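Every value quoted in this text rests on a predicted model; they were computed, and no experiment measured them. Letters A, B, ... are given to chains in the order of the sequence lines, protein chains preceding strands, and every chain is numbered from 1.
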There are 2 protein chains.
Amino acid sequence: MDDQLVKKPSRIQRRNRRRILDAALDVFSAHGFRGATLDQIAEQAGLSKPNILYYFDGKEEIHVTLLSQLMETWLDPLIALDPQGDPLTELLAYVQRKLDMSRDLPRESRLFANEILQGAPRMDPHLRADLKPLFDDRCVVIQAWMDAGKLAAVDPRHLIFSIWATTQHYADFQAQIEVLLEGQDPIDAASQFLQTMFRNLLTPADTGAAHRPGVI
Amino acid sequence: MDDQLVKKPSRIQRRNRRRILDAALDVFSAHGFRGATLDQIAEQAGLSKPNILYYFDGKEEIHVTLLSQLMETWLDPLIALDPQGDPLTELLAYVQRKLDMSRDLPRESRLFANEILQGAPRMDPHLRADLKPLFDDRCVVIQAWMDAGKLAAVDPRHLIFSIWATTQHYADFQAQIEVLLEGQDPIDAASQFLQTMFRNLLTPADTGAAHRPGVI
DNA sequence: TCGTGTATTTACCAAATGGTCAAAAACACG
DNA sequence: CGTGTTTTTGACCATTTGGTAAATACACGA
């Protein structure tokens, strides 16, 4: 019949799997793994619970599938960091890409945050296998830039942490930010602020003054 | 008998309530509200489940009690910001206090993060009633410092966000950091890094060079 | 030591939840 | 249209979970 081990999924299969994963992303990101229920996911997806279990082996598999897909999306901006590019430009662009992701993919950010918060029980292998090597490599690249005097010398690891922390904050702590900012769109102002902060941090001392806000 | 409406709790009551809250902090911070079970809390506290419900009206009340207590702790460092002090010193000390809290009270940080991540369903009133006014007041103070030329001019709100994000990151994303840093204590290095970053950001342009790392 | 209010446990319960299964319905296609 | 396959459903099930009621054990002052 088919010489492939796995039949290629039908149109209906693709559509329903996509619906389920999208609904699951909604629910998991809002309530965490244990807080999410199959009934919620089913309702959100517009399918019955047994129908969902026809497409996935169980709650766990849905979650794992989401996390695997997420890891790719999550690494992208860091992969896009070009060792041949201009150091300061590259890093500021990286900050912007991460911030854009907080605006465009807040559910994914919260799914990730939920998983890490709870000790990364399902994602730990991914972190070690995928994120760690990339992280180490990027630290070497950044360190080389600093050694060449093209960036102010700071700990590259904590630099990356601070970029992650400040950008993802706008997605993960959105509920708090909405209370404190009363409905203004925070991302534009955040972009200004973060670009200033990281430019000031990273501009090497001998390259002339950092671009100070309020000072042209 | 007693002219007070509420009898003062016995020694046993105080001890057991403390045990329960401590156990609940463990469990809630590790699994979130819905992921935590009374059985887990009971076992962790060394009490039976009905015994726990003898001291608290239900799971919800335990959680709410924790969040209320947490809010005080959480506001403390911001309250301690002295409008009369030296601006740069005050803000850098604030960063340090927040970072110390990430090291000393990681469970509390994760409890808070969990709650906000899920949309702050139980904490929203506290945020509006307690955090928001303090936040607004501190923004005014910081803005005044900037207007007086004692700090570089940036958006005070996003400045505070970035301090929260970078410091709490070390508690909330500990699982990830442990994978990436392989067991070194990150807080000391983080302290160096963050002090440098925020000093560079906040030192006003005309006050002489910011303290650049690697440059004495 | 006794009696009374406090503390703890044992045995439950109802609802929620992840999951199963067989049969029905819908569908693709010659 | 008819037939074989895929998809969907309704009825169920076992376990977990938050919570209760009543009985028992305990502390401690009179």
For B:Y170, enumerate each residue passing the ring-ring contact (aromatic ring centres under 6.0 Å, His included) test, keeping only those at least two apart in sequence or located in another chain. A:H158
Do the side chains of A:L131 and B:Q176 get nearer than 4.5 Å, heavy atoms only? yes
In whole angstrom, give the distance that lies between atom CD1 of B:I41 and atom P of D:dT17. 12 Å
Within this structure, what is the OH-to-P distance between B:Y54 and C:dT6, rounded to whole angstrom? 7 Å
Which pairs pass salt bridge (Lys or Arg N to Asp or Glu O under 4.0 Å) with one or both residues in residues 58-82 of chain A, sequence neighbours excluded? A:E60-A:R122
Rounding to a whole Å, what distance do you find between B:N51:CG and D:dA21:C1'? 15 Å
In this structure, how many angstroms lie between the P atom of D:dG19 and the CD1 atom of B:I20, rounded? 13 Å
Between the protein and nucleotides 24-27 of chain C, list every N/O to N/O distance that falls short of 3.5 Å.
none

Is the backbone of B:R110 close enough, under 3.5 Å, to the side chain of B:S29 for a donor and an acceptor to pair up by distance? no
Atom CZ of B:F28 to atom C1' of D:dG18: distance rounded to whole Å? 11 Å
Roughly, in whole Å, what's the span from CD1 in A:I52 to C1' in D:dT8? 12 Å
Which letter, B, S or -, goes with each nucleotide of nucleotides 16-22 of chain C from 5' to 3', with contact meaning a protein heavy atom under 4.0 Å? -SBBBB-
Using atom types as modelled, flag every donor-acceptor pair under 3.5 Å from a side chain in residues 32-49 of chain B to any protein atom, sequence neighbours excluded.
| residue | atom | partner | partner atom | Å |
| --- | --- | --- | --- | --- |
| B:R34 | NH1 | A:G35 | O | 2.9 |
| B:T37 | OG1 | B:Q40 | N | 3.0 |
| B:T37 | OG1 | B:Q40 | OE1 | 3.3 |
| B:Q40 | OE1 | B:T37 | N | 3.0 |
| B:Q40 | NE2 | B:H31 | NE2 | 3.4 |
| B:Q44 | NE2 | B:D26 | OD2 | 2.6 |
| B:S48 | OG | B:N51 | N | 3.3 |

Nearest whole Å is fine: how far is D:dT9 C1' from A:N16 CG? 14 Å
Is the distance from OP1 or OP2 of C:dT9 to the nearest side-chain N or O of B:S48 less than 4.0 Å? yes
Tell me the interatomic distance from A:R14, atom CZ, to D:dT7, atom C1', rounded to whole angstroms. 16 Å
Hits for side-chain contact (heavy atoms from CB on, under 4.5 Å) against A:D136, two or more places apart or cross-chain, chain-then-number order -> A:K132
A:H169 and B:F161 aromatic ring geometry - parallel, tilted or perpendicular at 30°/60° bounds: tilted
Carboxylate-amine/guanidinium contact B:D124 B:R128, below 4.0 Å: yes
Which part of the nucleic acid, if any, lies within reach of B:F56 when heavy atoms closer than 4.0 Å are counted: base, sugar-phosphate only, or nothing? nothing
Give a yes/no on whether any side-chain N or O of B:Q13 is located under 4.0 angstrom from OP1 or OP2 of C:dT6. no
For the residue pair B:R17 and B:F56, would you count it as a cation-pi contact if the rule is NZ or CZ under 6.0 angstrom from the ring centre and within 45 degrees of the ring axis? yes
